[in-house]
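Every heavy atom of this structure was used, including side-chain atoms; hydrogens, water molecules and symmetry mates were not. In this chain, numbering begins with 1 at the start of the sequence shown.
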Amino acid sequence: MTRTLELEHDGKPVTVGGDAHGGAIVVGRGSSCAVRVIHPLVSREHVRIELRDDGVFAEDLGSSNGTYVGDSRLGGPRRMLRGDRLRIGQEGPVLVFVRAMSGGRDLLDPEGGDLATMAAGDPRIRGIEARVEVSAAPHAARASDEPDPPSDGDRTAPIPPMSIPHPTEPGDDAAPAADASPADAHAVGAASRRPGPPPHAFAL
């Protein structure tokens, strides 16, 4: 399977065939490197770039001045994405990842299921274009996305409707209950007609 890595340095394209090097491309100052970068900050064998089925990975080869992606220094293998800027040495030359083709697929632009979520402001976002598509067979909603059915402990007895009495106008006599006796009705009427204090009475 033919694999091709496309880089960019100072606006100029740098293309190398990964299959000719067993999928591993060594970048450095030495004459045996697939990509030679002649600069005093670059080691003879500085960084290895691997084109694998699951993506493109860069690993520093114990160089004197280190290899950086943004402000992060490489330790072990790190997955690269389109637009990543690989700096060879802390103040050395920069290689920009443009494309890594393998069997018609760009290894730098994995499909949505493999693409990791990045935080806003991550410099690796530059150069990644959004792709919008409709799935042929959308996945069913996950159980965690659906509301849980109420358990027995969540079930409450229905509250009976409340009987709200109708308000009465000020001064109206309260109507006696339907089952009240005549004596009770007389007492209610008498209580409602009990005289109150005169309108302008003052206590001396």
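Between D106 and R99 the shortest heavy-atom distance is OD2-CG, 3.6 Å. A pairwise comparison of heavy atoms in F97 and L81 identifies CB-O, 3.8 Å as the closest pair. For V94 against R87, the heavy-atom pair with the smallest separation is CG2-CG, 3.8 Å. Considering every non-hydrogen atom in both S63 and R73, the closest pair reads O-NH2, 4.2 Å. Between H39 and R29, the shortest heavy-atom contact is O-CD, 3.7 Å. Taking each heavy atom of P93 and V37 in turn, the nearest pair found is CG-CG1, 3.5 Å.
Listed for the H46 side chain is no donor-acceptor partner under 3.5 Å among the backbone atoms of G62. Distance alone, capped at 3.5 Å, places no donor-acceptor pair between the R48 side chain and the V26 backbone. When atom types are taken as modelled, the side chain of R44 and the backbone of S32 share no donor-acceptor pair closer than 3.5 angstrom.
Considering T4, L5, L51 as possible partners of V16, the one that fulfils the side-chain contact (heavy atoms from CB on, under 4.5 Å) test is L5.
Side-chain heavy atoms closer than 4.5 Å link hydrophobic residues (I, L, V, M, F, W, Y) into clusters, and following such links, possibly through other members, connects I25 to V14. Residues I49 and V96 are members of separate hydrophobic clusters, defined by side-chain heavy-atom contacts under 4.5 angstrom among Ile, Leu, Val, Met, Phe, Trp and Tyr. Hydrophobic cluster membership is shared by V69 and L107, with clusters built from Ile, Leu, Val, Met, Phe, Trp and Tyr side chains linked at under 4.5 angstrom. Linking ILVMFWY residues whenever their side-chain heavy atoms come closer than 4.5 Å, directly or via other members, leaves L41 and L86 in distinct clusters. Y68 and V56 are members of different hydrophobic clusters when ILVMFWY side chains are connected at heavy-atom separations under 4.5 Å.
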*Quick one: do R3 and D53 satisfy salt bridge (charged side-chain N to carboxylate O under 4.0 Å, His left out)? Show the steps, please.*
CA-CA 10 Å; R3 295 181 177 180; D53 290 339; 2.3 Å; yes

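Distance CE/M101 to CG/L108: 9.5 Å, rounded to 0.5 Å. Rounding to the nearest 0.5 Å places CG of D60 at 3.5 Å from OG1 of T67. Atom CZ of residue R78 and atom CZ of residue F57 lie 11.5 Å apart, to the nearest 0.5 angstrom.
Two residues are said to be in side-chain contact when any heavy atoms from C-beta on lie closer than 4.5 Å; L7 and H9 fail this criterion. Here the side chains of E6 and P13 are not in contact, with every heavy-atom distance at 4.5 Å or above.
With respect to the salt-bridge test (charged N to carboxylate O, under 4.0 angstrom), the residues K12 and D10 do not qualify.
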